[in-house]
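Only one structure is covered here, and it is reproduced in the block below.
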Amino acid sequence: MGPMDLNSSHVSPVLTDSVPVNKSRLGIHSSLLTYSQQDSSSPAPAPAGKLPRTGSRKSAAGSIDDVRFNGWLDAMKASSPPRKKLLKGSMINALLPSNIEYDNEDYHILTVDYPSALECFEKIIERAKNNKVAVFLDYDGTLSPIVDDPDCAFMSEPMRETVRSVARCFPTAIISGRSRDQVYDLVKLTELYYAGSHGMDIIGPFRHNVSNKLPNCVNSTDHQGNQITLFQPATQFLPIIDEVFRTLVEITKDISGAKVENHKFCVSVHYRNVQENNWTIIGQRVHDILKNFPGLRSTHGRKVLEVRPVIDWNKGKAVEFLMESLELNDNDDVLPIYIGDDKTDEDAFKILRESNRGCGILVSSVKKESSASYSLRDPNEVMEFLQLLVRWKEREETNHFNKQIKVKV
Ligand SMILES: O=P(O)(O)OC[C@H]1O[C@H](O[C@H]2O[C@H](CO)[C@@H](O)[C@H](O)[C@H]2O)[C@H](O)[C@@H](O)[C@@H]1O
């Protein structure tokens with residue numbers, strides 16, 4: 001894979017159609033107008049083009065919105081596992097980043113359903129015939145530890161070097177909920193492909209005849225002169241994303257600790273640093289605002305509400321798109337590996353599971369329901385797993401080389 005400079009300022013500006021999203025015309029390809037991933041705790045989204053009701057329907061038992069909202073609050077509470085204390089002086093605790101505390105027993109419970117990808121490495125890798133692997137990585141909580149300030153979620157230098165080595169061995173992409181520019185600024189590696197905004201902003205390898213198949217997909221050239229393909233299936237939503245971002249900043253500015261991030265095709269409303277007794281307020285306000293934006297819905301991440309367009313596009317679709325762009329889709333030899341920690345990563349795990357192909361690895365230190373097949377406890381274990389992959393590839397190549405020498409002799 002050729003190196004790419006993915007800073008979007010270096011890519012020709014594309015898809016600048018600024019037709020505002022309105023009730024009658026979303027202006028997006030019909031194939032994207034429904035979506036499969038629905039957070040069970042989210043209010044049912046209004047179908048594109050239809051305004052939702054604005055008032056609450058009251059009943060003796062209270063309003064339907066209240067009932068829905070309690071679901072929201074539960075989901076907000078459950079969205080990120082509480083950090084658990086380990087025994088003082090534990091050897092393992094001493095080795096871990098100071099801002100994270102793990103409970104080993106919880107992790108062992110998780111491995112009953114999702115065995116450790118480190119322990120099962122040989123089993124996983126034997127599915128990669130002819131040494132072909134494609135690696136897809138989430139960013140927050142996978143390559144960098146979860147920290148209180150989203151602006152300080154840096155990946156360590158050893159992790160960066162590890163990801164660089166992986167990308168030199170296999171096609172590798174990062175698929176993040178952050179904007180593509182932001183995740184690139186954090187990762188700073190030109191050897192990878194990047195998909196930002198939960199896969200709604202992808203730079204992948206150059207594809208021929210893109211326009212026939214997918215609108216909002218254009219070929220372009222990056223700063224280093226490499227031909228690339230840019231895919232942005234939610235361009236029509238840019239004006240309302242901007243509007244909702246400004247509105248959300250406004251309605252949360254009096255809530256101490258709230259933080260709103262604009263990720264171009266989606267918006268994150270963080271409540272990690274908000275006092276728990278204010279979570280109801282923040283959740284209710286976001287919920288209420290979205291009634292005025294029928295083209296948008298919200299899902300839960302780790303102590304974050306993610307506001308995004310109502311289109312049938314997610315991290316799973318992004319994996320499929322990249323596999324096709326990399327011309328790996330028709331190649332059963334290739335083992336796609338996806339590593340992620342969050343709800344939005346479940347769409348990618350599902351795609352791999354349903355196609356009976358590849359391997360989803362959940363990053364978690366506590367029990368969770370997931371469509372992944374294996375688990376890793378934390379970003380340190382992710383790094384260890386990636387290093388195993390690199391060493392395996394090097395070993396396989398050495399073996400192959402030695403065999404060829406023998407044949408010649
Ligand atoms: O898809 P991802 O790359 O995992 O992005 C998901 C969200 O990640 C970031 O928030 C999360 O990490 C922060 C830093 O550790 C943490 O403070 C926050 O509580 C987490 O939710 C990012 O800031 C969000 O915009 C992404 O949606």
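Predicted, not measured: the structure shown is a model, and the values here were computed from it. FYI, side chains are in, hydrogens and waters are out, and symmetry mates aren't considered; it's all heavy atoms of this structure.
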Who are the salt bridge (Lys or Arg N to Asp or Glu O under 4.0 Å) partners of [X], not counting sequence neighbours?
X	value
E161	R164
K253	E250
R127	none

Margin query: Consider side chain to side chain contact (heavy atoms under 4.5 Å, CB included). Of I337, T172, L352, L322, which one does F136 pass it with?
Written below: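 Filter result, single survivor: L322.
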Check: Which residue, T229, L230, I202, forms the side chain to side chain contact (heavy atoms under 4.5 Å, CB included) with C217?
Finding: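 It is T229, the one option of T229, L230, I202 that forms the side chain to side chain contact (heavy atoms under 4.5 Å, CB included) with C217.
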Identify, with sequence neighbours excluded, every residue that meets side chain to side chain donor-acceptor pair (under 3.5 Å) alongside [X].
X	result
E397	none
D342	none
D254	R285

Mind checking whether [X] and [Y] have side chains closer than 4.5 Å, heavy atoms only?
X	Y	result
V260	S268	no
I282	I251	no
V135	P171	no
T221	N226	no
K315	D345	yes

Notebook entry, point to check: Which pairs count as salt bridge (Lys or Arg N to Asp or Glu O under 4.0 Å) when at least one residue sits in residues 109-126, sequence neighbours excluded?
Noted result: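 As it turns out, the salt bridge (Lys or Arg N to Asp or Glu O under 4.0 Å) pairs with a partner in residues 109-126, which skip direct neighbours, are D113-K367.
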Check: For residues 226-245, which residue pairs qualify under salt bridge (Lys or Arg N to Asp or Glu O under 4.0 Å), counting only residues two or more places apart or in two chains?
Finding: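 As it turns out, there is no salt bridge (Lys or Arg N to Asp or Glu O under 4.0 Å) pair with a partner in residues 226-245 once direct neighbours are skipped.
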N-O pairing of [X] and [Y] below 4.0 Å:
X	Y	answer
D201	R180	yes
D140	R302	no
D347	K317	no
D181	K264	no

Check: When rounded to the nearest 0.5 angstrom, what is the spacing between CD in E369 and NZ in K343?
Finding: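 Interatomic distance, E369 CD to K343 NZ, rounded to 0.5 Å: 11.5 Å.
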Contacts under 3.5 angstrom, residues 381-391 side chains, donor-acceptor by atom type, not counting sequence neighbours:
| residue | atom | partner | partner atom | Å |
| --- | --- | --- | --- | --- |
| E381 | OE1 | R377 | N | 3.0 |
| E381 | OE2 | R377 | NE | 3.2 |
| Q387 | NE2 | T162 | OG1 | 3.2 |

Item checked: S375 vs Y107, side chain to side chain donor-acceptor pair (under 3.5 Å): CA-CA, chis, key distance, verdict -> CA-CA 9 Å; S375 69; Y107 181 64; 2.9 Å; yes
For residues 149-158, which side-chain donor-acceptor pairs fall under 3.5 Å, sequence neighbours excluded?
| residue | atom | partner | partner atom | Å |
| --- | --- | --- | --- | --- |
| D149 | OD1 | D151 | N | 2.9 |
| D151 | OD2 | K259 | NZ | 3.0 |
| S156 | OG | M159 | N | 3.1 |
| E157 | OE2 | R160 | NH1 | 2.4 |

Item checked: Of all pairs that satisfy ring-ring contact (aromatic ring centres under 6.0 Å, His included), the ones with a partner from residues 330-350, not counting sequence neighbours ->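 Those involving residues 330-350 are Y338-F349.
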Note to self: Test: ring-ring contact (aromatic ring centres under 6.0 Å, His included). Region: residues 248-276. Which pairs qualify, not counting sequence neighbours?
What the structure shows: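 Qualifying pairs: Y271-W279.
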Check: Angle class for the Y184/Y194 ring planes (parallel below 30°, perpendicular above 60°, tilted otherwise)?
Finding: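 Y184 and Y194: perpendicular rings.
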Notebook entry, point to check: Do E346 and S370 meet the criterion of a side-chain donor-acceptor pair at a distance under 3.5 Å?
Noted result: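 Per modelled atom types, E346 and S370 side chains form a pair under 3.5 Å.
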